[in-house]
Amino acid sequence: MQRIYRLAVAGLLWLLSFAHAAESNPACPSGPLKVGFYEYGLAYRDGRGYDVDLVRELARRLRCPIASETVFPWVRTLKMLQVGEIDIATSATPTPERLQYAWIYTYKHSKSMVLLRTEVQARSLASLPNDPKLRWGVIRGWKFSPMQDQLLAELATRNKIVQAIDENDLYKMLATGVITGALAHPTSYDDWLREPSIRKQVVVLDLFPDVEATAGGVALSKKRFPESAAELWHAELKKMSRDGSLHEIFRRFLSEETADYLLRSPVP
């Protein structure tokens, strides 16, 4: 009995010392990290993705233990980040609203491309809404540029919009012809489009050359990180950009072309 008691006490002391060490780490002053992911292309799916590897590598370098990794719907992820129920989120665009409650450090740039089935004859933005074969798929919660939103609004007035549940649903409908067009980022469609039979059916067009690429970043909750702590993550992210680690992580999941595309601008 005494031996069991001593072991229990030793275990408790170890846990307390571990927690104290985590709390005393300036990179994670609130203790072990709670990470919120959302399913998005090859960034996160079924517990794997370049966002998973990125956060784990940053945490390893900064010696911050990870307490939990959980997948949530994107809107809920942002809300939990805002109130401090999670420490970190990924692939977050640094909008003025989000910057009020999170430190966001960019590690990739991407823009939505137009995916069209080959039966759609239109090859310009002006002719696209008038194509009789066009049926456009959209996913609730996905954000686009004002110019792209204008196209979607026009298509909605013509009853050409079809709602997709998620990415899998969108690409399934595109592959089978239920829809014939969609907007999506290379990070989302890269793996799907590598299938030869799909590649023959779908063309990728940049019909919005004047639209700037969207930044995606690591988001740290201001409820959990003071700026001094967040800047340690920022500095480490810059190191990963310079030493090639960031590119190597992207290449585990993406084609060379897409990895280079995402990293064409250095981490600011």
Side-chain angles (χ1 to χ4, degrees), residues 27-28 33 35-44 49-62 64 74-75 77-78 80-82 86-113 141-146 148 183-190 206 208-268:
C28 40
L33 307 171
V35 185
F37 294 110
Y38 70 101
E39 289 195 348
Y40 174 64
L42 296 168
Y44 181 94
Y50 58 77
D51 275 357
V52 179
D53 286 11
L54 172 62
V55 170
R56 290 177 181 175
E57 178 61 16
L58 282 168
R60 184 191 69 79
R61 291 180 175 216
L62 293 166
C64 290
W74 180 229
V75 174
T77 301
L78 291 175
M80 294 178 75
L81 193 73
Q82 183 175 4
I86 59 173
D87 297 275
I88 299 173
T90 53
S91 290
T93 300
T95 64
E97 178 188 2
R98 293 171 188 172
L99 288 171
Q100 291 181 16
Y101 58 81
W103 313 104
I104 303 179
Y105 302 115
T106 298
Y107 59 92
K108 64 180 179 180
H109 288 84
S110 181
K111 66 183 288 186
S112 297
M113 306 294 280
W142 278 24
K143 300 297 183 183
F144 301 102
S145 71
Q148 291 165 338
L183 279 166
H185 283 258
T187 48
S188 173
Y189 64 70
D190 183 271
D206 183 2
F208 299 91
D210 295 330
V211 172
E212 292 186 4
T214 301
V218 175
L220 308 177
S221 173
K222 288 185 177 181
K223 294 280 189 182
R224 305 284 289 174
F225 294 89
E227 186 173 9
S228 58
E231 279 300 323
L232 295 175
W233 288 73
H234 189 195
E236 202 60 48
L237 191 60
K238 288 182 178 181
K239 290 180 186 177
M240 290 179 64
S241 176
R242 292 193 299 266
D243 66 21
S245 302
L246 194 53
H247 183 273
E248 192 275 328
I249 286 174
F250 280 131
R251 279 295 288 123
R252 294 173 194 169
F253 303 93
L254 301 166
S255 66
E256 183 75 33
E257 178 184 7
T258 299
D260 289 344
Y261 167 74
L262 295 180
L263 296 172
R264 62 195 181 282
S265 299
V267 173

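Only heavy atoms go into these numbers, but all of them, side chains included; no hydrogens, no water, no symmetry mates.
Tyr38 places none of its side-chain heavy atoms less than 4.5 Å from the side chain of Val75. Here the side chains of Glu39 and Trp74 are not in contact, with every heavy-atom distance at 4.5 Å or above. Contact check for Leu183 versus Phe208: side-chain heavy atoms found under the 4.5 Å cut-off. Side-chain contact between Thr90 and Tyr44 is absent, with no heavy-atom pair separated by less than 4.5 Å. A 4.5 Å side-chain heavy-atom check between Thr214 and Ser110 finds every atom pair outside the cut-off.
Residue Leu99 holds its CG atom at 4.5 Å from CD1 of Ile104, rounded to the nearest 0.5 Å. In this structure, Ile88 CD1 and Ser221 OG are separated by 10.0 Å, a value rounded to the nearest 0.5 Å. Between the OG atom in Ser245 and the CD atom in Glu236 there is a gap of 9.0 Å [rounded to 0.5 Å]. Between the CG atom of Asp87 and the CE atom of Met80 there is a distance of 10.5 Å, given to the nearest 0.5 Å. Interatomic distance, Cys28 SG to Arg224 CZ, rounded to the nearest 0.5 Å: 10.0 Å. Remark: Leu263 CG to Arg251 CZ distance equals 11.5 Å, nearest 0.5 Å.
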Side chain to side chain contact (heavy atoms under 4.5 Å, CB included) evaluation trace for Leu54 with Met240:
CA-CA 9 Å; Leu54 172 62; Met240 290 179 64; 3.8 Å; yes
Run the numbers on Thr106 and Val267 for side chain to side chain contact (heavy atoms under 4.5 Å, CB included), then give the verdict.
CA-CA 6 Å; Thr106 298; Val267 173; 6.0 Å; no
Does the pair His109 and Leu262 meet the rule for a side chain to side chain contact (heavy atoms under 4.5 Å, CB included), with working shown?
CA-CA 5 Å; His109 288 84; Leu262 295 180; over 6 Å; no
Between Ile86 and Val35, does a side chain to side chain contact (heavy atoms under 4.5 Å, CB included) hold up when you go through it step by step?
CA-CA 6 Å; Ile86 59 173; Val35 185; over 6 Å; no
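Arg264 forms a cation-pi arrangement with Tyr261, by the criterion of a distance under 6.0 Å to the ring centre and an angle within 45° of the ring axis.
The nearest pair of heavy atoms linking Ala89 to Leu81 is N-CD1, 3.9 Å. Closest heavy-atom contact between Pro268 and Lys238: O-CE, 3.2 Å. Listed here is the closest heavy atom pair of His247 and Ala259: NE2-CB, 4.1 Å. Of all non-hydrogen atoms in Leu62 and Leu232, the two that sit nearest each other are CD2-O, 3.9 Å. The two atoms that bring Arg98 and Ala92 nearest to each other are NH1-C, 4.3 Å, heavy atoms only. Here the shortest heavy-atom pairing between Ser91 and Ala43 reads OG-CB, 4.0 Å.
Ring geometry for His234 against Tyr105 counts as parallel: the plane angle stays under 30°, on a 0 to 90° scale with 60° as the upper cut. Using cut-offs of 30° and 60° on the angle between ring planes, the pair Phe225 and Trp233 is perpendicular.
Under a 4.0 Å N-O distance rule, the pair Lys111/Asp206 qualifies as a salt bridge. In this structure, Arg61 pairs ionically with Asp243, as a charged nitrogen and a carboxylate oxygen lie closer than 4.0 Å.
Crowding of Glu256 atom CD: a count of heavy atoms from other residues, nucleotides or ligands under 6.0 Å exceeding 12. In Lys223, the NZ atom is not crowded: 12 or fewer heavy atoms of neighbouring residues, nucleotides or ligands sit closer than 6.0 Å.
Listed by chain and number, the residues in a side-chain hydrogen bond (donor to acceptor under 3.5 Å, both in side chains) with Tyr40 are Thr187 (sequence neighbours excluded). In terms of the ring-ring contact (aromatic ring centres under 6.0 Å, His included) criterion, Tyr107 has no residue partners (sequence neighbours excluded).
At distances below 3.5 Å, not a single donor-acceptor pair connects side-chain atoms of Thr77 with backbone N or O atoms of Gly36.
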